[in-house]
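Shown next, in structure tokens, is the structure this report addresses.
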Amino acid sequence: MRELSELHTGQVAFISDLMSGFSLSIAAHVLRYGIRSRMAQAVFLLFLLSSLLFLVALYTDVRLSIELAGLDTMPQSLLDKVSSVRGVGTACATSAFVMFILATGLLGWLASSPVGVLSSLIAVATLSALWFVWENINVISNTVSKSS
């Protein structure tokens, strides 16, 4: 039942939609300025892939929300299917978020070496915080699942 209530909030869809636009906009700017270095190409590809993975997460949540609209209860077999499909969407959103952070960290290298070092350090700190939060949310989720 938790899967259904999570879908109704639409938060993953909203964040995925927003982040996909940001990623694609930044990728377009890298192309627009015509930077042809390997670093610029890596940044472009990471932002582009991030945008596309956010779109997969968006599609997954929106499509499931549409298909399950109006349902208050459903059999366990259907809940398991919903959980499986949402797992793919969530994995895409998480991967896209990590790629977005990596690309943002690399973006500073297009400006200068000192900015590149600083942006890379900030990206590593952000990824560390994300890892900490992810691990602890998994512990909370497992605890909640065992108690229900």
Side-chain angles (χ1 to χ4, degrees), residues 1-31 38-111 114-148:
M1 206 54 187
R2 189 171 141 206
E3 293 293 329
L4 191 57
S5 64
E6 288 173 5
L7 274 173
H8 288 195
T9 64
Q11 291 176 358
V12 172
F14 173 74
I15 291 169
S16 295
D17 183 34
L18 188 67
M19 294 301 293
S20 178
F22 284 150
S23 296
L24 194 55
S25 177
I26 295 167
H29 278 344
V30 170
L31 273 184
R38 293 247 187 250
M39 186 63 68
Q41 291 171 359
V43 167
F44 170 77
L45 289 174
L46 281 170
F47 277 124
L48 184 64
L49 187 54
S50 173
S51 178
L52 295 173
L53 287 172
F54 276 126
L55 285 177
V56 171
L58 171 65
Y59 178 79
T60 301
D61 261 29
V62 170
R63 179 72 194 272
L64 277 174
S65 296
I66 290 169
E67 295 300 326
L68 301 174
L71 293 178
D72 291 330
T73 60
M74 62 180 79
Q76 186 61 43
S77 61
L78 186 55
L79 279 174
D80 291 343
K81 273 274 201 229
V82 169
S83 179
S84 174
V85 171
R86 283 202 78 230
V88 171
T90 302
C92 286
T94 302
S95 299
F97 196 49
V98 168
M99 285 180 202
F100 184 88
I101 294 168
L102 288 173
T104 303
L106 293 176
L107 197 57
W109 289 97
L110 298 178
V115 175
V117 169
L118 185 60
S119 66
S120 294
L121 289 173
I122 292 169
V124 167
T126 303
L127 286 172
S128 298
L130 182 62
W131 181 263
F132 173 81
V133 168
W134 186 74
E135 284 289 321
N136 284 287
I137 288 174
N138 282 342
V139 169
I140 292 167
S141 178
N142 290 336
T143 303
V144 169
S145 294
K146 288 179 185 174
S147 67
S148 15

Donor-acceptor contacts under 3.5 Å from residues 121-136 side chains, at least two apart:
{"from": "Thr126", "atom 1": "OG1", "to": "Ile122", "atom 2": "O", "distance (Å)": "2.8"}
{"from": "Ser128", "atom 1": "OG", "to": "Val124", "atom 2": "O", "distance (Å)": "2.9"}
{"from": "Asn136", "atom 1": "ND2", "to": "Phe132", "atom 2": "O", "distance (Å)": "2.8"}

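A 6.0 Å sphere centred on CZ of Phe44 holds more than 12 heavy atoms belonging to other residues, nucleotides or ligands.
A 4.5 Å side-chain heavy-atom check between Glu67 and Leu64 finds every atom pair outside the cut-off.
Note: Phe97 CZ to Leu102 CG = 11.0 Å, rounded to the nearest 0.5 Å. Summarising the geometry, atom CG belonging to Leu58 is positioned 11.5 Å from atom CD1 belonging to Ile15; distances are rounded to the nearest 0.5 Å. We find the NZ-CG distance between Lys81 and Leu78 to be 9.5 Å, quoted to the nearest 0.5 Å. In this structure, the separation between CE on Met99 and SG on Cys92 is 9.0 Å, given to the nearest 0.5 Å. Note: Thr60 OG1 to Arg86 CZ = 9.5 Å, rounded to the nearest 0.5 Å. Atom OG of residue Ser120 and atom CG of residue Leu107 lie 10.5 Å apart, to the nearest 0.5 angstrom.
A donor-acceptor distance shorter than 3.5 angstrom exists from the side chain of Ser119 to the backbone of Val115, with no hydrogens or angles considered. Between the side chain of Ser23 and the backbone N or O of Met19, at least one donor-acceptor pair lies under 3.5 Å. Counting only distance, with no hydrogens or angles, the side chain of Ser20 and the backbone of Ser16 share no donor-acceptor pair below 3.5 Å. Side-chain atoms of Thr94 come within 3.5 Å of backbone atoms of Thr90 as a donor-acceptor pair (strictly under, hydrogens ignored). At distances below 3.5 Å, not a single donor-acceptor pair connects side-chain atoms of Ser84 with backbone N or O atoms of Asp80.
Contact detail for Phe100 and Phe22: the closest heavy-atom pair is CE1-CB, 4.2 Å. The two residues Ala96 and Leu53 make their nearest non-hydrogen contact at CB-CB, 3.6 Å.
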- Please step through side chain to side chain contact (heavy atoms under 4.5 Å, CB included) for the pair Trp109 and Val117, ending with a clear verdict. CA-CA 7 Å; Trp109 289 97; Val117 169; 3.6 Å; yes

- Report the C-alpha distance between Leu68 and Met74 in whole Å, list the side-chain angles of each, state the deciding distance to 0.1 Å, and finish with yes or no for side chain to side chain contact (heavy atoms under 4.5 Å, CB included). CA-CA 9 Å; Leu68 301 174; Met74 62 180 79; 4.0 Å; yes

- Message: Pair Leu52, Val56 - check side chain to side chain contact (heavy atoms under 4.5 Å, CB included), show working.
- Response: CA-CA 6 Å; Leu52 295 173; Val56 171; 5.9 Å; no

- Task: Given side chain to side chain contact (heavy atoms under 4.5 Å, CB included), test Thr143 with Lys146 step by step and report yes or no.
- Result: CA-CA 5 Å; Thr143 303; Lys146 288 179 185 174; 6.0 Å; no

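When the options Leu31, Val30, Leu24, Val43 are evaluated for a side chain to side chain contact (heavy atoms under 4.5 Å, CB included) with Leu48, the one that passes is Leu24.
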